[in-house]
> 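This is the structure I have questions about; it appears just below.
Numbers here simply count residues along the sequence, with the first being 1.
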Amino acid sequence: MLNQIKKKVSGLRWWVIGLIALATVINYIDRQALPVLWPDIAEDLYPEKNADERKAIYGTISVVFLFSYAFGQAIFGKIFDKVGTRIGFALSIGFWSIATAMHAFARGVVSLSIFRGILGVAEAGNWPGAAKGNAEWFPTKERAFAQGLFNSGAAIGGIIAFPTIGILSIYMSWKFIFIIVGLIGMLWLIPWWIIVKSPPSEHPWITDEERDYILTGQKNQDIDDDGEPDEGYNPTTTNMLKHKESWGVIIASAAIDPIWWLFVFWIPIYLNEVYGMDVKSIGFYAWVPYVGAMLGAWFGGLFAQNRIKAGVSVNKTRKTVITLGCIIMLPALFAMSNPGGPVTAVLLMAVILFGFQTAIGNVQTLPSDLFGSNTVGTLAGIAGTAAKLTAAGLTVLVPLLTAGGNYTPAFIIGAALAIIALAAVWVLCPKIEPLKPLN
């Protein structure tokens, strides 16, 4: 009887993307625990250090995380293409949950960096895995919206993390909070392992109607133009990198992604240094920018989906939405040079993250627009690695650029990066469509 009910599940793709979105929420709660709790951690572990010295230590730990994250992106891109979405996600979230709980045992910069490095490698799997899951479970016209849904999980994670951890810090130590946060991811594994049994072509619970809808709508999976879905163009990594479009994806990701990390890492430190906020006050203010990010993820995905459904080409749609997102970011980044009070500052940050998420969902969808499903994870992983390396570079610079509490140079660099990302898409991706082998 239970098997018969399971076989009648409709809209299974939305259950899958919902679980991936929830994994992204957990991903960001785990990684944001350190920034939110940093004032308490620094006071406990480094009571003799001044503000700039503590910021330098935090920057070092953050760079370790980003380099590990970059390394993990390349590794997990290959892992997901090799073992599939189901096992890949289980490995990724299982290890990052353990790594989060291990933060409770940190005693100084070395141990904290080690645990942060393990977390970075494991958390990196979320993004190439999500991109691959999107390519497997959604037709082309729905991918931007699906990408927006799981991208919004990053924003929701920030919205939840700041006030929740701020409140928890009143009642318990920062060490115990890390253990609680780490346990959440282990619970996620239960529904994931039950529901995501296989890709849609083989899943025993999916209806025939939904399977046909997904597979026939994956237009980049019909490379021989015979009207039947196939595996599409899946070149070797070397041949993939011979396409300038691949470099458009890589450079755009490498340019735009540091803008996100500029705020993910530094919002709590900025509020603490510029406005003198403690952990509880940071929890009250710092969630606001992530509301903008959440709305931007939904807007970018829905806007792209509606344009494609209306008959606008994928090429025009992706470029329009990416351009719009970058244009929204630019004036707000410049305005952050002199925002005034904390309310204005966090509202400007919300505008910036709205624009970022509007654009990034469509940037991250480009691999599935260009290649077959067996190449998506690889390209997404390489692009993610490049993005995290540039983000690490900016993170190294931030403590130097912002000595004394002046964050203007960092925001100007962010604006320049948005322009570079936009140029990469327009110049290196002259037409966003399924690619074919080079002659």
Side-chain angles (χ1 to χ4, degrees), residues 1-31 72 75-101 119 121-139 142-143 145-154 156-157 160 179-215 217-218 301 368 373-374 376-377 380:
M1 180 64 179
L2 183 59
N3 288 334
Q4 291 176 345
I5 294 174
K6 289 177 179 178
K7 290 180 180 178
K8 295 179 181 179
V9 172
S10 60
L12 191 60
R13 66 191 186 282
W14 299 110
W15 285 92
V16 174
I17 205 66
L19 282 171
I20 293 175
L22 181 57
T24 309
V25 171
I26 297 168
N27 186 292
Y28 264 78
I29 292 174
D30 285 17
R31 77 177 59 175
I75 291 176
F76 269 102
K78 288 289 187 182
I79 287 175
F80 273 92
D81 282 342
K82 184 72 173 179
V83 304
T85 307
R86 187 189 194 213
I87 297 176
F89 260 112
L91 291 172
S92 179
I93 197 167
F95 279 109
W96 95 51
S97 298
I98 294 170
T100 299
L119 179 71
V121 172
E123 281 202 336
N126 189 76
W127 301 102
K132 185 175 180 64
N134 188 3
E136 286 178 347
W137 281 91
F138 285 85
E142 290 183 349
R143 283 178 184 164
F145 179 58
Q147 191 84 19
L149 280 178
F150 74 72
N151 270 343
S152 71
I156 295 170
I160 294 172
I179 293 174
I180 292 175
V181 172
L183 289 174
I184 297 172
M186 303 305 291
L187 296 176
W188 176 91
L189 287 169
I190 298 171
W192 175 259
W193 200 252
I194 292 172
I195 293 174
V196 186
K197 295 182 175 297
S198 63
S201 59
E202 303 170 1
H203 202 288
W205 298 359
I206 194 170
T207 64
D208 291 339
E209 292 80 7
E210 185 176 14
R211 179 184 289 109
D212 292 343
Y213 176 74
I214 292 170
L215 297 181
Q218 294 174 346
S368 63
S373 62
N374 291 333
V376 170

> Quick one, Ile214 with Ile206, criterion side chain to side chain contact (heavy atoms under 4.5 Å, CB included). Give me CA distance, side-chain angles, the key distance, then yes/no.
CA-CA 11 Å; Ile214 292 170; Ile206 194 170; 4.0 Å; yes
> If you measure from CD on Glu136 to OG on Ser201, what distance do you get to the nearest 0.5 Å?
8.0 Å
> Can you see which heavy atom on Pro204 is nearest to which on Ser198, and at what distance?
CD-OG, 4.1 Å
> Taking it one step at a time, do Trp137 and Trp15 satisfy side chain to side chain contact (heavy atoms under 4.5 Å, CB included)?
CA-CA 10 Å; Trp137 281 91; Trp15 285 92; over 6 Å; no
> Backbone N or O of Ala146 within a donor-acceptor pair of the Asn134 side chain at under 3.5 Å?
no
> Kindly write out the residues that satisfy side-chain hydrogen bond (donor to acceptor under 3.5 Å, both in side chains) with Lys78, not counting sequence neighbours, or none if the list is empty.
Thr237
> Taking all non-hydrogen atoms of both residues, which atom of Val83 and which atom of Gly88 are closest, and how far apart?
CG2-N, 3.8 Å
> Using distance only, find each side-chain donor-acceptor pair of residues 180-195 under 3.5 Å and give its atom names and separation, not counting sequence neighbours.
| unit_1 | atom_1 | unit_2 | atom_2 | d |
| --- | --- | --- | --- | --- |
| Trp188 | NE1 | Leu19 | O | 2.9 |
| Trp192 | NE1 | Arg86 | O | 3.0 |

> Only pairs at least two apart or in different chains count here, so list each salt bridge (Lys or Arg N to Asp or Glu O under 4.0 Å) that has a residue in residues 9-18.
Arg13-Glu142, Arg13-Glu210
> Provide the closest heavy-atom pair for Ile29 versus Gly157 in the form atom of the first, atom of the second, distance.
CG1-O, 3.6 Å
> Just how far is it from atom CG of Asn27 to atom CG of Leu22, taken to the nearest 0.5 Å?
11.0 Å
> Give the minimum heavy-atom separation between Glu123 and Arg31, together with the two atoms involved.
OE1-NE, 3.0 Å
> Are the aromatic rings of Phe89 and Phe80 close, with centres under 6.0 Å apart?
yes
> Trp127 vs Thr24, test: side chain to side chain contact (heavy atoms under 4.5 Å, CB included). Steps then yes/no.
CA-CA 9 Å; Trp127 301 102; Thr24 309; 3.4 Å; yes
> Identify each donor-acceptor pair in which a side-chain atom of residues 92-99 lies under 3.5 Å from a protein atom, sequence neighbours left out, and give them as a table.
| unit_1 | atom_1 | unit_2 | atom_2 | d |
| --- | --- | --- | --- | --- |
| Ser92 | OG | Ala122 | O | 2.5 |
| Trp96 | NE1 | Asp30 | OD2 | 3.0 |
| Ser97 | OG | Ile93 | O | 2.8 |

> Quick one: ring-ring contact (aromatic ring centres under 6.0 Å, His included) partners of Phe150, sequence neighbours excluded?
none
> Rounded to the nearest 0.5 Å, how far does CG of Leu12 lie from CD1 of Ile17?
12.0 Å
> So, Arg143 side chain and Gly301 main chain: donor-acceptor pair closer than 3.5 Å or not?
no
> For Ile156 and Tyr28: C-alpha separation, side-chain torsions, deciding distance, then whether side chain to side chain contact (heavy atoms under 4.5 Å, CB included) applies.
CA-CA 8 Å; Ile156 295 170; Tyr28 264 78; over 6 Å; no
